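The structure appears below as structure tokens.
For the numbers below, each heavy atom of this structure counts, side chains included, while hydrogens, waters and symmetry mates do not. Residue numbers begin at 1 in each chain, while the letters A, B, ... track the order of the sequences. None of these values were measured; they are calculated from a predicted model.
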Amino acid sequence: MLTRIPKGTKDVLPSETAKLQALESVIREKTRLAGYQEIRTPVFEHTELFTRSVGESSDVVRKEMYTFLDKGDRSITLKPESTAGVVRAFLEAGMHNQALPIKLYYLYSPHFRYEAPQAGRYREHHQFGIECFGATQASADAEVILLAMDLFQTLNIKNLRLRINSIGCPVCRPAYKEKLLSYLRARRDLLCDDCKDRIEINPLRVLDCKVQSCQAQLKDAPRMLDHLCDECAQHFASLQAFLDAAELPYIIDTGIVRGLDYYTKTVFEITTDTATGTLTACGGGRYDGLVEELGGPSIPAVGFGMGMERVLMLLDAQAEEDRTLDVPASTPDIYIAPLDPSLAPIAFRLLNQFRSLGLKTDMNHTTRGLRAQFKYADKLQASYVAILGEDEAQKGVIKLRDMQSGDEWEASLTEAPQMMADRIAQKAERK
RNA sequence: GUGGGUAUGGUUCAGUCGGUUAGAACGCCAGAUUGUGGAUCUGGAAGUCGUGGGUUCGAGUCCCACUACCCACCCCA
């Protein structure tokens, strides 16, 4: 082979695209019911969009972006996440002047992050995500979470955990940060090397360090939840009330901080336990300051991103017992087998006629003999084979064979298409 | 970036103590009364054994380096 697939990328082969399409149609139905409209934004944006929104201190911006100069010396970045681009488009289209709230979703949006690939992690991955602009109330946060959980439930994916947390707002977070900072600085020597760096870059991130010795040191660390301002505390309490009303079980996990800097108040993750560890299938939260940060008016927003590859992984993991998204293979109704190349034009005309009547039809395009054509038709699981030989051509008929029963009969070339359309429609009805 | 594992036809793998023309299964192609599939049988195509070096009379096999992939850490979806 000349060259192989780039590291961290994945081909989606026909065996998987069918499942993916089924997943997409479920998603489109769920978003439709909840009043979301689709938006598609470019694969690349100006680098500044991400440094401003995702944040200079985030791992994503610091070491994972695919950034390059284009021929006009503009710094361009392949999008590492979709929210920033959606906010940009929202503002650029003047949607902030329309009646709010406005709900947008994106589907199979490609994301690029330069990371070491491993199970469920790619350098190019795709997300389904939703963003709700202009809703201040925690019912909107709950609705966003509900949509994700409802989708998982429809897909019959089990063993998921909803974890929620509040990381405060510009009113209460700075004071808390100071408190945490002094706590961490006092224990600096006892923390791992990574955390020593994190203290100054983004002290909140120390909280979700997985190193045991760090976790031990963090046991008595001040928690954001205990230092929320009145508004944030009320918002968080309200969120829980809405989740309770929807009977969505959740865990309050003060370790959830999120790697993107634009979040405020609500953050959440939907995780699953795999053989090796915990994998996040969906993550999101509220970002009340982002629209303004990107040059728009002060408009609150809340949303999530969901990893399509991970959802497919979860579906595959349960494929043994569950067939929620199984799609019947696209097998031909009729395979036309001309015996001699000279008869191919007649076969070709029939092919066209069958198809215009809505029948899935295929025909021989090789030099194979009849026997081999049958073998091929059998592999395609064709319902009928139409045989066209010299005898048939002279009589102006075609011989049809029901591949299941083995019955054979002749039909005139002019009547065969409609006759087969009726027959196949009847068969479908009986099912 | 760090650690571990793997690398042999299209796919999954075998290959002994280093020994001659590297095998199997599945898949693919063709044939088995000349115009009929699934089953069976027969035959065929397909591999510079990841790359480069070294040891040796001789390397798929032993040694070294490199690369790629997988898994894990970190972080995330």
N/O to N/O distances under 3.5 Å, protein versus nucleotides 5-12 of chain B:
none

Parsed dot-bracket for RNA chain B after applying the Watson-Crick and G-U rules with both distances under 3.5 Å and | for other-strand partners is (((((((..((((.....[...)))).(((((.......))))).....(((((..]....))))))))))))....
Open item on the list: Is the ring pair A/Y66/A/F112 parallel, tilted or perpendicular, if the boundaries are 30 and 60 degrees?
Closed with: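 Because their plane-to-plane angle is over 60°, the rings of A/Y66 and A/F112 count as perpendicular.
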Determine the contact category for [X]: base if any of its heavy atoms lies under 4.0 Å from a base atom, sugar-phosphate if only primed atoms, P, OP1 or OP2 are that close, otherwise nothing.
X      : answer
A/K63  : nothing
A/G129 : nothing
A/R368 : sugar-phosphate
A/E392 : base
A/Y376 : nothing
A/E408 : base
A/A116 : base
A/A377 : nothing

Check your understanding: Which residues pass the side-chain contact (heavy atoms from CB on, under 4.5 Å) test with A/E24, sequence neighbours left out?
Key ->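 Partners of A/E24 by the side-chain contact (heavy atoms from CB on, under 4.5 Å) criterion, ordered by chain and then number, come out as A/L20, A/L107, A/Y108, A/M308.
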Would you say the side chain of [X] and the base of [N] hold a donor-acceptor pair, judged only by whether the two atoms sit under 3.5 Å apart?
X      : N     : value
A/R310 : B/C76 : yes
A/R121 : B/C71 : no
A/Q127 : B/C76 : no

*Answer yes or no for this row: A/H111 ring on B/A77 base, centroids under 5.5 Å, planes under 30°.*
no
Among the candidates [options], find the nucleotide nearest to the side-chain atoms of [X].
X      : options             : result
A/Q118 : B/A72, B/U36, B/A77 : B/A72
A/A119 : B/G35, B/C71, B/A30 : B/C71
A/T280 : B/C76, B/A30, B/G37 : B/C76

Search all heavy atoms of A/I39 against all heavy atoms of A/Y106 and return the closest pair with its distance.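 Heavy atoms of A/I39 and A/Y106 come nearest at O-CB, 3.6 Å.
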RNA chain B nearest-nucleotide lookup for A/S405 and A/K379: closer to the 5′ end is A/K379
By nearest-heavy-atom nucleotide on RNA chain B, the more 5' of A/L279 and A/K399 is A/K399
Distance-only donor-acceptor check, side chains [X] and [Y], under 3.5 Å:
X      : Y      : value
A/N159 : A/T272 : no
A/E293 : A/S53  : no
A/S82  : A/H111 : yes

Between [N] and [M], how far apart are the two [atom1] atoms, rounded to whole Å?
N     : M     : atom1 : value
B/C28 : B/U21 : C1'   : 25 Å
B/G38 : B/A77 : C1'   : 44 Å
B/A24 : B/G47 : P     : 15 Å
B/A45 : B/G10 : C1'   : 12 Å
B/G60 : B/A22 : P     : 9 Å
B/A65 : B/G27 : C1'   : 37 Å

Does atom [atom1] of [X] have more than 12 heavy-atom neighbours, drawn from other residues, nucleotides or ligands, at distances under 6.0 Å?
X      : atom1 : answer
A/Y114 : OH    : no
A/R40  : CZ    : no
A/K179 : NZ    : no
A/R187 : CZ    : yes
A/E38  : CD    : yes

Quiz: residues 340-353 of chain A side-chain donor-acceptor pairs under 3.5 angstrom, not counting sequence neighbours:
| from | atom 1 | to | atom 2 | distance (Å) |
| --- | --- | --- | --- | --- |
| A/D340 | OD1 | A/S342 | N | 2.8 |
| A/D340 | OD1 | A/S342 | OG | 2.7 |

Those residues at least two apart in sequence (or on a different chain) that pass salt bridge (Lys or Arg N to Asp or Glu O under 4.0 Å) with A/E16 are A/K10
* Considering just the side-chain nitrogens and oxygens of A/K7, establish if one lies under 4.0 Å of OP1 or OP2 belonging to B/C69. =>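 Checking A/K7 against B/C69: at least one side-chain N or O falls below 4.0 Å of OP1 or OP2.
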At a cut-off of 3.5 Å, list every protein nitrogen or oxygen paired with a nitrogen or oxygen from nucleotides 38-46 of chain B, distance to 0.1 Å.
| from | atom 1 | to | atom 2 | distance (Å) |
| --- | --- | --- | --- | --- |
| B/G38 | O4' | A/D378 | OD2 | 3.0 |

Separation of B/U36 atom P from A/D391 atom CG, nearest Å, is 13 Å
Checklist entry - Roughly, in whole Å, what's the span from CD1 in A/I387 to P in B/G37? => result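 Distance check: A/I387 CD1 to B/G37 P gives 10 Å.
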query = Distance under 6.0 Å and angle within 45° of the ring axis: does A/R163 meet both against A/Y250?
reply =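 Judged by the rule, A/R163 and A/Y250 form no cation-pi pair.
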